[in-house]
2 protein chains.
Amino acid sequence: MSGTGRPTLAVVGATGAVGTVMLQILSQHADIWGEIRLIASPRSAGRKLAVRGEQVEVVALTEEAFDGVDVAMFDVPDELAAQWAPVAAAKGAVVVDNSGAFRMDPDVPLVVPEVNPHAARLRPRGIIANPNCTTLSMIVALGALHAEFGLRELVVSSYQAVSGAGREGIDTLRRQLKLVAGTELGTHPGDVRRAVGDDTGPFPEPVALNVVPWAGSLREDGWSSEEMKVRDETRKILGLAKLPVAVTCVRVPVVTTHSLTVHARFQAEVTVDGAREILATAPGVVLFDNPAAGEFPTPADVVGTDPTWVGRVRRALDDPTALELFVCGDNLRKGAALNTAQIAELIATEFV
Amino acid sequence: MSGTGRPTLAVVGATGAVGTVMLQILSQHADIWGEIRLIASPRSAGRKLAVRGEQVEVVALTEEAFDGVDVAMFDVPDELAAQWAPVAAAKGAVVVDNSGAFRMDPDVPLVVPEVNPHAARLRPRGIIANPNCTTLSMIVALGALHAEFGLRELVVSSYQAVSGAGREGIDTLRRQLKLVAGTELGTHPGDVRRAVGDDTGPFPEPVALNVVPWAGSLREDGWSSEEMKVRDETRKILGLAKLPVAVTCVRVPVVTTHSLTVHARFQAEVTVDGAREILATAPGVVLFDNPAAGEFPTPADVVGTDPTWVGRVRRALDDPTALELFVCGDNLRKGAALNTAQIAELIATEFV
């Protein structure tokens, strides 16, 4: 810990898309940290980035970079996290990791502060995992409903923003939009594909004027890794190891903010009024649901904000135990940087 | 009937977005018609449109316009259809109507030729209804699976193209795309909305760089009219009056071709191989499902084609009786003009 009595925080992966939002959030939140150390790949070392109104020099990722660090937030690719998080933990830091490397490790808690903050206390490896952005975009709302009604089944479809694939995803959509805007494209077989050519960036298909039913890599039986993450992580966070979860993940031409349709079945009858009451008072949730007044969340409104926005709350017409929801969450904020920062802040209270 | 022995066809609403595709389809299909008469509003009368390689003059919508007509395909707003379809029927024409005016009328069959062609025979009012485009984008695939496995429950989410809202929908997306392409918009609260201003056309929110969880008008308990159509029409076409159907309809920035995620539960266990075999041989369906080779349908590939494309076929991991599918269909072709033309062609065989 630094001489000020406040814990020292390291931000590993400070120069990435999520890292950038992380530094914004640290600058906006109550300043509870002593030193904030910025760590990135050796080629970024020496760059200066703004945090808390000061320019801070980025240092290279080495074992020594974790000297005196109390809490280390990681946002780096899975294989780098797998290698370096244990190094930081061995040096005494509590690691909060946003990669997929540790999320399903039984000795690593998967934490959403509004839903299962207690889980952060038991961390035998000194590592806490941050959930995937798609799971995080809905889990705060679902956690609140589960606490009251008891979740029994989920059917989820995603409308995922391109920034889920990082800066390259954003750049790809922007390049493609320039090629299709001002044209008559989108009404003839293959015309968008011909205009975009092979420049599909991190996506398997053009994403401008299109939707692409694929995110991540191929898992068994035709499932995508993103779909498996939503299922497995939802079960782990809610502590429902056998919850039936059916997911289809689809990429849409939105820059930032994931949306999801949710069909949620509960233990007993639910009412829309009851669900609305819970959502209206749940921490981290905004209920925005008045279609008569044109009110329902969309990414254009939600981007840049912290909460999970919920609208289109309906009871299933043919099943009094099920609710339909439309949920939006900024995938770079609550979906990544914000939740990581919230976990780090939760840990910081242990140092007081 | 005209002197040639072939039935006379009227196309009512020939100048609209669907009417335009209707004339293309009539020009491409086997030429079974005698006269093809084009009918539209009085302000379009006198215009000439190409059909079967000839320029045909549009006549105004009057009672006399139906003199000698055997089959009349209607694509006009609900209130015009409600007024004029009975007029055409009273003059002896079999009406195939693509509006919402008659779909749930118990004396009007709702027909998809691949699924329930027999229903077209019993038409006490002389009117046959064509389903809504969103229902049509999935129903051929679902009908084939239902025939084999027996459908027990559906949970559906849509990714609907802007042309579902007609030419105005297409023009609105194209105007908005010009405003957002080449910018850094989409990462700050409200930035897309400010750029687009109040110019949201037929949509309640900006549709470029956004998804909008609303289609149609407000029904009871927060449901949209589009969602109720998908539920009610699916039940009527499949003859399953009590089928539980949960639907959320969402507009996406795609010009043409609706996509849907489908969670379908059946009477007994299903296998992916069994489902694939049915889909691979079902008339009007293309199975395009090999994620390892990057094969799954997207609107960019499907637009302008006739079939229902199905990919991402998976068995639910937690329910051996349920399948997950991603389905795409051109909402102006199979979703509107093509199915209407197929019904008309089915009726035409009665005149041989």
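Sequence lines set the chain letters: A, B, ... in the order given, protein chains first and strands last, and positions in each chain run from 1.
Side-chain contact between A:Arg231 and B:Leu317: present, with at least one pair of heavy atoms (C-beta onward) separated by less than 4.5 Å.
A:Leu185 touches chain B through its backbone: at least one of N, CA, C or O sits under 4.5 Å from a heavy atom, while the side chain does not. Only the backbone of B:Thr183 comes within contact range of chain A, with heavy atoms under 4.5 Å apart. With a threshold of 4.5 angstrom between heavy atoms, B:Thr200 does not approach chain A through any atom at all. Using a 4.5 Å cut-off between heavy atoms, B:His263 touches chain A through its side chain atoms alone.
Rounding to the nearest 0.5 angstrom, the gap separating the CG atom in B:Asn210 from the OH atom in A:Tyr159 is 13.0 Å. Atom-to-atom distance recorded for B:Glu295:CD and A:Trp214:CH2 is 12.5 Å, nearest 0.5 angstrom. Between the OG1 atom of B:Thr187 and the CG atom of A:Leu332 there is a distance of 9.0 Å, given to the nearest 0.5 Å.
Scanning residues 269-276 of chain A against chain B with a 4.5 Å heavy-atom cutoff picks out nothing at all. Residues of residues 319-328 of chain A placed with any heavy atom under 4.5 Å of a heavy atom in chain B are listed by number as A:Glu324, A:Phe326. Interface residues of residues 171-181 of chain B toward chain A, defined by a heavy-atom distance below 4.5 Å and sorted by number: B:Leu173, B:Arg174, B:Leu177, B:Lys178, B:Ala181. Of all residues in residues 240-256 of chain B, those placing a non-hydrogen atom less than 4.5 angstrom from a non-hydrogen atom of chain A are B:Leu243, B:Pro244, B:Val245, B:Ala246, B:Val247, B:Thr248, B:Cys249, B:Val250, B:Val252, B:Pro253, B:Val254, B:Val255, B:Thr256.
Contact count versus chain B (heavy atoms, under 4.5 Å) is highest, among A:Pro299, A:Pro213, A:Pro291, for A:Pro213. Interface check for chain A: of the options B:Leu218, B:Val155, B:Val192, the most heavy-atom pairs under 4.5 Å are formed by B:Val155. Ranked by heavy-atom pairs under 4.5 Å with chain B, the list A:Met228, A:Glu205, A:Glu153 is led by A:Glu205. The most heavy-atom pairs under 4.5 Å with chain B, out of A:Gly304, A:Ser224, A:Gly186, A:Ala292, come from A:Gly186.
Contact detail for A:Pro204 and B:Phe296: the closest heavy-atom pair is CG-CZ, 3.6 Å.
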A:Glu227 and B:Arg312: CA distance, side-chain angles, deciding distance, salt bridge (Lys or Arg N to Asp or Glu O under 4.0 Å) verdict: CA-CA 12 Å; A:Glu227 290 157 353; B:Arg312 303 297 324 281; 2.7 Å; yes

Steps toward salt bridge (Lys or Arg N to Asp or Glu O under 4.0 Å) verdict (B:Arg193, A:Asp301): CA-CA 8 Å; B:Arg193 178 186 294 280; A:Asp301 292 323; 3.0 Å; yes

